[in-house]
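Data first, discussion second: the structure below is written as structure tokens.
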Amino acid sequence: MSPRCLSAGVSQDSPGSILERLHIDDASNGGQGRERNFLVYQSNLLDEVSSPVRREVSNRPFFMKAVKRIDNDVENGKLEVKEKSIRNNMLVTVHNKSLLSGIAYCISSCSMILVNKYVLSSYNFNAGISLMLYQNFVSVVVVSMLSFFGVISTEPLTLRLIKVWLPVNVIFVGMLVTSMFSLKYLNVAMVTVLKNVTNVITAVGEMYIFNKHHDSRVWTALLLMIVSAVSGGITDLSFHATGYTWQIINCFLTASYSLTLRQIMDTAKQVTKSGNLDEFSMVLLNNTLSLPLGLLLVLVFNEVDYLSTTPLLQLPTFWIVTTLSGFLGLAISFTSMWFLHQTSATTYSLVGSLNKIPLSVAGIFLFNVPTSLDNTASIFFGLLAGVFFARAKMQEKSQS
């Protein structure tokens, strides 16, 4: 799943809290930033619909009518049948929503990485920072419009909030930029496997910064991830040292982002007007602050000269694809929140790990990646290690 949607500063019982804990514990599962995090409502829904007596009694003018109807149902043996029928119908509805939200999240997450790879490789676009900048601009415009028309609510971006959040945003921008650079040189499957290294860095950081200890199953999964990453690099037929360098830097930045976020989030919550910083506000805050930093990096890496000479900017199809990538980046944020609303953080984490498998397969076939049996085995070994890691984290949380 994607760092574009991380929440901070919400209560323990709120949807944002679930998303916050998910993205901090599983910082690497997002693919690309966009790669760039609630509660399970089933029990509450079932409780509401399985107690028709409670709703009728609460409305006093209809009290006697409700009691009479219930007495008749009991005498006829129909009340229990009706409750079971309603409960079963609601279960089907909730499961359908969970399945639909999960499919939407997987499609948007996979599509984002594949579209970025297509823009950078198939179009041979050599301005990854500019692409990131345009995608973030699209996100800012869409979220601002939704907020303006009252569809969503967002926190005002005050100067105090910007000062507190700026260090986190610098890492956020670096994470997105290095991800673009690595995806330019590496195939999707290897990028996906190498991202597992982020889990190792994050686990070590948690030990030294937060004194958090992991059980043997987690460390076993992390060891398997390291082995798969090393073996994958050795057997990679399209090995590119520059791409691997950028991806290693990206792993450190992604881990640093999750660790730094944990330290900054409480302070950021205190400087907001409402005392909270929900997911929509996070999307707007991160992407808005990334615009001036992105412009600075465009100048530093001298992408202006390339943009002024490339004929790609004159192609309508190129603008359609890049704009689509911006909407997909935003879609990851919304579909991940929707998926978490319908399921739970543990289910989200496991699906994020399983989602890497079809993504890697699609990347190999769509872009005609040269591969070997050894390299393919290393890739799938790493993907399975990611699934094993997600399950180990679930079991560790259930026991704590």
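Note that the structure is predicted; figures quoted are calculated from it, not measured. The first residue of the sequence shown is numbered 1, and numbering continues consecutively from there.
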Pair Val321-Phe125, side chain to side chain contact (heavy atoms under 4.5 Å, CB included): steps then yes or no: CA-CA 12 Å; Val321 174; Phe125 187 63; over 6 Å; no

List the steps and the verdict of side-chain hydrogen bond (donor to acceptor under 3.5 Å, both in side chains) for Asn124 and Lys184. CA-CA 9 Å; Asn124 197 27; Lys184 169 69 178 177; 2.9 Å; yes

Yes or no on side chain to side chain contact (heavy atoms under 4.5 Å, CB included) for Ile113 and Val191, after CA distance, side-chain angles and deciding distance? CA-CA 10 Å; Ile113 298 177; Val191 168; 6.0 Å; no

Val197 vs Phe252, side chain to side chain contact (heavy atoms under 4.5 Å, CB included): CA-CA, chis, key distance, verdict: CA-CA 9 Å; Val197 177; Phe252 278 97; over 6 Å; no

For the pair Ile379 and Thr376, evaluate side chain to side chain contact (heavy atoms under 4.5 Å, CB included) and give the outcome as yes or no after the intermediate values. CA-CA 5 Å; Ile379 290 172; Thr376 303; 5.6 Å; no

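For the residue pair Thr235 and Asn375, a side-chain donor N or O sits within less than 3.5 Å of a side-chain acceptor on the partner. Residues Thr254 and Thr198 bring no donor and acceptor atom of their side chains to less than 3.5 Å of each other. Counting only N and O atoms by type, the side chains of Asp236 and Ser238 include a donor and acceptor under 3.5 Å apart. Ser182 and Asn250 share no donor-acceptor pair across their side chains, judged by distance under 3.5 Å alone. Remark: the Thr154 side chain and the Ser147 side chain contain an N/O donor-acceptor pair separated by less than 3.5 Å. Using modelled atom types and a 3.5 Å distance limit, the side chains of Glu155 and Ser281 yield no donor-acceptor pair. Looking only at atom types and distance, the side chain of Gln135 has no donor-acceptor partner in the side chain of Asn287 under 3.5 Å away. No hydrogens or angles considered: a donor-acceptor pair under 3.5 Å links the side chains of Tyr134 and Thr323.
Rounding to the nearest 0.5 Å gives a distance of 6.5 Å between CD1 of Ile249 and OG1 of Thr245. Taken to the nearest 0.5 Å, the OG atom of Ser153 stands 10.0 Å off from the CG atom of Asn276. If you take CE on Met175 and CG on Leu253, they are separated by 8.0 Å, rounding to the nearest 0.5 Å. Rounding to the nearest 0.5 Å gives a distance of 11.0 Å between CG of Leu176 and CG of Leu133. Here Thr158 contributes atom OG1 and Lys163 contributes atom NZ; the two are 10.0 Å apart, rounded to the nearest 0.5 Å. Rounded to the nearest 0.5 Å, atoms CG (Leu146) and CD1 (Ile152) are 5.0 Å apart.
In this structure, Leu291 and Leu295 have side chains that are not in contact, with every pair of non-hydrogen atoms separated by 4.5 Å or more. With contacts defined as side-chain heavy-atom distances shorter than 4.5 Å, the pair Ser122/Phe367 qualifies. Counting heavy atoms from C-beta outward, Val170 and Leu289 have side chains that stay 4.5 Å or more apart. Side-chain atoms of Lys195 and Thr192, non-hydrogen and from C-beta on, never get closer than 4.5 Å to each other. In this structure, the side chains of Met180 and Leu131 come closer than 4.5 Å at one or more pairs of heavy atoms. Considering only heavy atoms from C-beta on, Pro167 stays 4.5 Å or farther from Ile264 through its side chain. For the pair Leu285 and Leu157, the minimum side-chain heavy-atom distance is below 4.5 Å. Contact of the Trp165 side chain with the Asn286 side chain is registered, since non-hydrogen atoms from C-beta on lie closer than 4.5 Å.
Residue pairs meeting the ring pair (Phe, Tyr, Trp, His ring centres under 6.0 Å) criterion with at least one partner in residues 179-201, sequence neighbours excluded, are Phe181-Trp246, Phe181-Phe301, Tyr185-His240.
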Side-chain donor-acceptor pairs under 3.5 Å in residues 221-233, sequence neighbours left out?
{"from": "Ser228", "atom 1": "OG", "to": "Leu224", "atom 2": "O", "distance (Å)": "3.3"}
{"from": "Ser228", "atom 1": "OG", "to": "Met225", "atom 2": "O", "distance (Å)": "2.7"}
{"from": "Ser231", "atom 1": "OG", "to": "Val227", "atom 2": "O", "distance (Å)": "2.9"}
{"from": "Ser231", "atom 1": "OG", "to": "Ser228", "atom 2": "O", "distance (Å)": "3.1"}
{"from": "Ser231", "atom 1": "OG", "to": "Ser378", "atom 2": "OG", "distance (Å)": "3.2"}

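Cluster annotation: Val361 is connected to Leu186 through the hydrophobic network of ILVMFWY side chains, with a link wherever side-chain heavy atoms come within less than 4.5 Å. Neither Leu159 nor Val271 shares a network with the other; the hydrophobic side chains, linked directly or stepwise wherever heavy atoms of I, L, V, M, F, W or Y lie under 4.5 Å apart, form separate groups for each. In the hydrophobic clustering of this structure, Leu384 does not group with Val200; members are Ile, Leu, Val, Met, Phe, Trp, Tyr whose side-chain heavy atoms approach within less than 4.5 Å, directly or through other members. Residues Val142 and Phe148 fall within the same hydrophobic cluster, defined by Ile, Leu, Val, Met, Phe, Trp and Tyr side chains chained together at heavy-atom separations under 4.5 Å. Residues Val369 and Leu373 fall into different hydrophobic clusters, defined by Ile, Leu, Val, Met, Phe, Trp and Tyr side chains chained together at heavy-atom separations under 4.5 Å.
Contact detail for Asn136 and Ser290: the closest heavy-atom pair is ND2-OG, 2.7 Å. Scanning both residues, Gly382 and Asn196, for their nearest heavy atoms gives O-ND2, 3.2 Å. Residue Leu313 comes nearest to Leu307 through the heavy atom pair CD1-O, 3.2 Å, listed as atom of the first residue, atom of the second, then distance. Leu284 approaches Ser144 most closely through the heavy-atom pair CD1-OG, 3.7 Å. Between Ala255 and Thr202, the shortest heavy-atom contact is CB-OG1, 3.3 Å. In terms of heavy atoms, Pro156 sits closest to Leu161 at O-CD2, 3.9 Å.
Relative ring orientation between Trp219 and His214 is described as perpendicular, the plane-to-plane angle rising above 60° on a 0-90° scale split at 30° and 60°. The aromatic rings of Phe318 and Tyr123 sit perpendicular, their planes meeting at an angle over 60°, well past the 30° parallel limit.
Applying the 6.0 Å contact sphere to CE of Met145 captures no more than 12 heavy atoms from other residues, nucleotides or ligands. Within a 6.0 Å sphere centred on CZ of Phe137, other residues, nucleotides and ligands contribute 12 heavy atoms or fewer. Heavy atoms from other residues, nucleotides or ligands lying under 6.0 Å from CZ of Phe327 number 12 at most.
Under a 3.5 Å cut-off, the side chain of Asp215 and the backbone N or O of Val218 do form a donor-acceptor pair. Using a distance-only test at 3.5 Å, with no hydrogens or angles considered, no donor-acceptor pair links the side chain of Thr310 to the main chain of Tyr306. Of the possible polar contacts, one joining the Asn187 side chain to the Met190 backbone as a donor-acceptor pair under 3.5 Å is found. For Ser325 (side chain) and Thr322 (main-chain N/O), a donor-acceptor pair under 3.5 Å exists by modelled atom type. Between the side chain of Glu303 and the backbone N or O of Ser130, at least one donor-acceptor pair lies under 3.5 Å.
Qualifying side chain to side chain donor-acceptor pair (under 3.5 Å) partners for Arg160, counting only residues two or more places apart in sequence or in other chains: none.
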